Amino acid sequence: MRAFDWIQPKTLDQVLELLPGPRDTKQRDRVKLLAGGQDLLGELKEYLVQPEQVVDLKSLPGLAALEFAADGGITISALVTLAALESSAELRTRSPMIAEAAGSVASVQIRNQGTVGGNLCQRPRCWYYRREQALCIKKGGAECFAYGGLNKYNAILGGGPSYIVHPSDLAPALVAAGASAVIRGKKGERRIELERFFTLPSEGSVLRENVLAPDELLLRVEVPPQTGWRSTYLKFRERSSYDFALSAVALALKLDGGTVREARIVLGGVAPIPWRADKAEAALVGKKIDDASCKQAAELALVGAEALQYNGYKIPLTQALITKALRKLS
Ligand SMILES: Cc1cc2nc3c(=O)[nH]c(=O)nc-3n(C[C@H](O)[C@H](O)[C@H](O)COP(=O)(O)OP(=O)(O)OC[C@H]3O[C@@H](n4cnc5c(N)ncnc54)[C@H](O)[C@@H]3O)c2cc1C
């Protein structure tokens, strides 16, 4: 790990002063924000980033609020821990899939320390990216080594030119809940749908996974009222004690006497972004959950999937998870 200055600002303005300008992409990694440190420390130790300054966000007041509005809305500030989400009875009532997704992340220790902002902004886990010596396309190299290499854990949807999968469990659940991201930069605050926060490698920069400019940070996530929605998050991992998702599904349904009125299906562990299965969602509307509608939704969700040499198993695995989630909510 390269030596850096450790900074504990007292205000958000002090953080913003330290960050580079909005278009100063070359300086982006000069300053790194640290929340729980569960991802960033690994990056520092492996020399994947070598910042001059590390800014401790935990010293800022007011960024750890989990608030429940009377209208059903939920505000989750960036420094709320995953453990706080997992253990909130109110959250579990309002949006089970968000609490279940938080509870599925890593281990108790990591959930106690890891934050919502850090979970949504964490970097990919692809082993080529994580290996200091491998100059892959995510680190400015010419190619994605996973494409023709060991790609068991890589993307089957939305890949190219990089085939990473987005590692966050929380992201698919929050996208399925229709959440918005509130972002702060030097010029002020902006709000976007969380679904638009994440970027494919073929859009924007292949070096990044989200729309944050060099001068911006994520302040909070706002979840609209989930009244009338039933939801769940199912995750399949190789190692049951703790592991990233090989595949996951966040499912939310609005049912009326057993008939689907609205559906949201967002897949994790299979694409570089939380992957919205919109064709499957549309096909479910007006239908009862039965063998035929489950089969159709599962097939439509994977339309366009392209397996690499070692990850073809993700297609039937994801289809099975979708069917299981639909059965669970019906
Ligand atoms: C062994 C292990 C297993 C794991 N398993 C899982 C898993 O199963 N599922 C899963 O989802 N995750 C998993 N993770 C990842 C872990 O959940 C995340 O690393 C953690 O949630 C990140 O939160 P943090 O607060 O520690 O982030 P940090 O490490 O502090 O930050 C992560 C990144 O986000 C940036 N960042 C942090 N906060 C903000 C903000 N507010 N605005 C802008 N940028 C910000 C940092 O600069 C950094 O680049 C695992 C990690 C480990 C080490």
Side-chain angles (χ1 to χ4, degrees), residues 4 7 9 12 15-16 18-20 28-46 48-51 53-60 62-64 76-86 98 100-125 127 129-130 138 153 165-174 181-185 189-190 194 197-198 207-221 233 235-248 250 268-269 274:
F4 50 77
I7 299 177
L12 197 52
V15 176
L16 293 168
L18 292 164
L19 292 174
R28 190 191 276 272
D29 284 344
R30 182 175 51 77
V31 182
K32 288 304 293 182
L33 302 174
L34 180 133
Q38 300 302 291
D39 184 47
L40 185 64
L41 275 174
E43 290 227 311
L44 294 171
K45 285 183 188 169
E46 296 298 327
L48 300 182
V49 281
Q50 300 184 49
Q53 297 174 321
V54 173
V55 180
D56 179 14
L57 294 179
K58 290 194 303 304
S59 58
L60 294 179
L63 275 187
I76 309 171
S77 299
L79 292 180
V80 169
T81 63
L82 300 165
L85 294 187
E86 176 191 12
I98 299 176
E100 287 167 13
S104 80
V105 172
S107 61
V108 175
Q109 292 89 336
I110 289 170
R111 296 198 293 276
N112 280 335
Q113 191 71 16
T115 66
V116 170
N119 188 266
L120 296 176
C121 299
Q122 63 176 299
R123 304 305 314 276
R125 303 305 297 196
W127 47 33
Y129 169 75
R130 291 277 159 174
K138 289 293 295 177
Y153 302 111
V165 295
H166 200 282
S168 167
D169 281 301
L170 214 45
L174 288 169
V182 179
I183 294 167
R184 176 76 193 269
E189 229 173 76
R190 65 182 175 119
L194 191 64
F197 178 78
F198 301 100
L207 302 176
R208 315 293 314 160
E209 296 83 46
N210 60 52
V211 299
L212 288 178
D215 69 320
E216 289 182 324
L217 71 156
L218 180 65
L219 283 189
R220 62 183 177 276
V221 171
Y233 183 76
K235 165 178 177 178
F236 190 89
R237 53 194 148 188
E238 200 167 33
R239 178 174 49 178
S240 60
S241 54
Y242 69 97
D243 216 339
F244 291 91
L246 294 179
S247 177

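Remember, it's a predicted structure, so these values are computed and weren't measured experimentally. Heavy-atom basis, side chains included; hydrogens, waters and symmetry copies ignored. Counting starts at 1 for both ligands and their atoms, in listed order.
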field: Verdict with supporting geometry, Tyr129 and Glu46, side chain to side chain donor-acceptor pair (under 3.5 Å)
entry: CA-CA 10 Å; Tyr129 169 75; Glu46 296 298 327; over 6 Å; no
query: Would you say the side-chain atoms of Gln113 pair up with the backbone N or O of Ile110, donor to acceptor, closer than 3.5 Å?
result: no
Arg184 backbone acceptor or donor facing Glu216 side chain under 3.5 Å: no
- request: Run through ligand 1 for me and note each protein residue having a heavy atom under 4.0 Å from it, chain first, then residue number.
  value: Lys32, Leu33, Leu34, Ala35, Gly36, Gly37, Gln38, Asp39, Leu40, Leu57, Ala78, Leu82, Val105, Ala106, Ile110, Gly114, Thr115, Gly117, Gly118, Asn119, Cys121, Gln122, Pro167, Ser168, Asp169, Leu212, Leu217, Leu218, Lys235, Tyr242, Asp243, Phe244
query: Is a side-chain donor or acceptor of Ser59 paired with a backbone partner of Pro9 at a separation under 3.5 angstrom?
result: yes
- prompt: Are a donor atom and an acceptor atom from the side chains of Gln109 and Tyr242 found within less than 3.5 Å of each other?
  reply: no
query: So, Ser168 side chain and Ala171 main chain: donor-acceptor pair closer than 3.5 Å or not?
result: yes
